[in-house]
Peer 1: 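Submitted below is the structure of interest, expressed as structure tokens.
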Amino acid sequence: MSRAVCPGSFDPVTHGHLDVIERTGRLFEEVVVAVGNNISKNALFTPQERVDMLTEACAEWTNVRVALFDGLLVEFCGAHSIDVIVKGLRFASDFDYELQMAQMNRELTGVDTVFMPTAPRWSYVSSTLIREIAGLGGDVSAFLPPPTAERTLRRVTDRQGRKSP
Ligand code: PNS
């Protein structure tokens, strides 16, 4: 069985992520969406909350499952018999960093990476911008699945409530 992984932080999952996951599901028999923790980012949701939101958002695609991972992505790939890492590319500057990781991952265990251009309509969307806009009171509902948008609004509202005296 051909099996690919779509790894990421998904904090939170956006329509851009879901576009890449759906298209990966048309190319491979099985897709594992692997939720990792990017320690350099200030997380809005716990890894388990992100898994829950992704599981709901991907429910209609029967060949897609969602899993948590920590540690090295290549080890996760080995443990789950995953042949290919699929990464979405939004713009040229994504490529520089992703190429380096792809080459390193291939050197580590031989696992290959395939790049998928994101749909132009979502190419400017990133979870980092979503967190910033939502945190400053902006409307991010156009970029997220509705249940994720609701949870994002609730989370930033809760956090702001806790910060105010
Ligand atoms: O959505 P992100 O934040 O770009 O996802 C990054 C992620 C989690 C996919 C990346 O940080 C990752 O692969 N982390 C696992 C640790 C690892 O394998 N590091 C070595 C990379 S060569």
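We count ligands from 1, going down the list as the structure has it; atoms in each ligand are counted the same way. Since the structure is predicted, the reported quantities are computational estimates derived from the model, not experimental observations.
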Peer 1: Number the atoms of ligand 1 from 1 as they appear, then name those within less than 4.0 Å of a heavy atom of F69, with their elements.
Peer 2: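 Going through ligand 1 atom by atom, the ones under 4.0 Å from F69 are 15 (C).
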Peer 1: Below 3.5 Å, N or O to N or O, backbone or side chain included: is there any such pair between L73 and ligand 1?
Peer 2: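 It does: an N or O of L73 is found under 3.5 Å from an N or O of ligand 1.
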Peer 1: Going from NE2 on H17 to SG on C58, what distance comes out if it is rounded to the nearest 0.5 angstrom?
Peer 2: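 Interatomic distance, H17 NE2 to C58 SG, rounded to 0.5 Å: 11.0 Å.
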Peer 1: Can you tell if the side chain of E49 reaches within under 4.5 Å of the side chain of R151, non-hydrogen atoms only?
Peer 2: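 A side-chain contact exists here, since the closest heavy-atom pair is under 4.5 Å.
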Peer 1: What do we get for N105 next to ligand 1 when only non-hydrogen atoms under 4.0 Å count, side chain, backbone, both or neither?
Peer 2: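 Side chain only; the backbone of N105 stays clear of ligand 1.
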Peer 1: Checking S141 against D139 for the side chain to side chain donor-acceptor pair (under 3.5 Å) test, could you report, in this order, the C-alpha distance in whole Å, the side-chain angles of both residues, the deciding distance, and whether it holds?
Peer 2: CA-CA 6 Å; S141 57; D139 180 7; 2.7 Å; yes
Peer 1: Counting only nitrogen or oxygen atoms and a 3.5 angstrom limit, does S9 reach ligand 1?
Peer 2: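 Looking only at distances, the answer is yes, because the N/O contact criterion of under 3.5 Å is met.
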Peer 1: So between G8, G36, G71, whose heavy atom ends up nearest atom 5 (O) of ligand 1?
Peer 2: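 Going through G8, G36, G71 one by one, G8 has the nearest heavy atom to atom 5 (O) of ligand 1.
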Peer 1: Would you say the side-chain atoms of Q48 and D52 include a donor-acceptor pair closer than 3.5 Å?
Peer 2: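 Yes.
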Peer 1: Do V32 and L68 share a hydrophobic cluster, counting only Ile, Leu, Val, Met, Phe, Trp and Tyr and linking them when any side-chain heavy atoms are less than 4.5 Å apart?
Peer 2: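 No; L68 is not reachable from V32 via cluster members.
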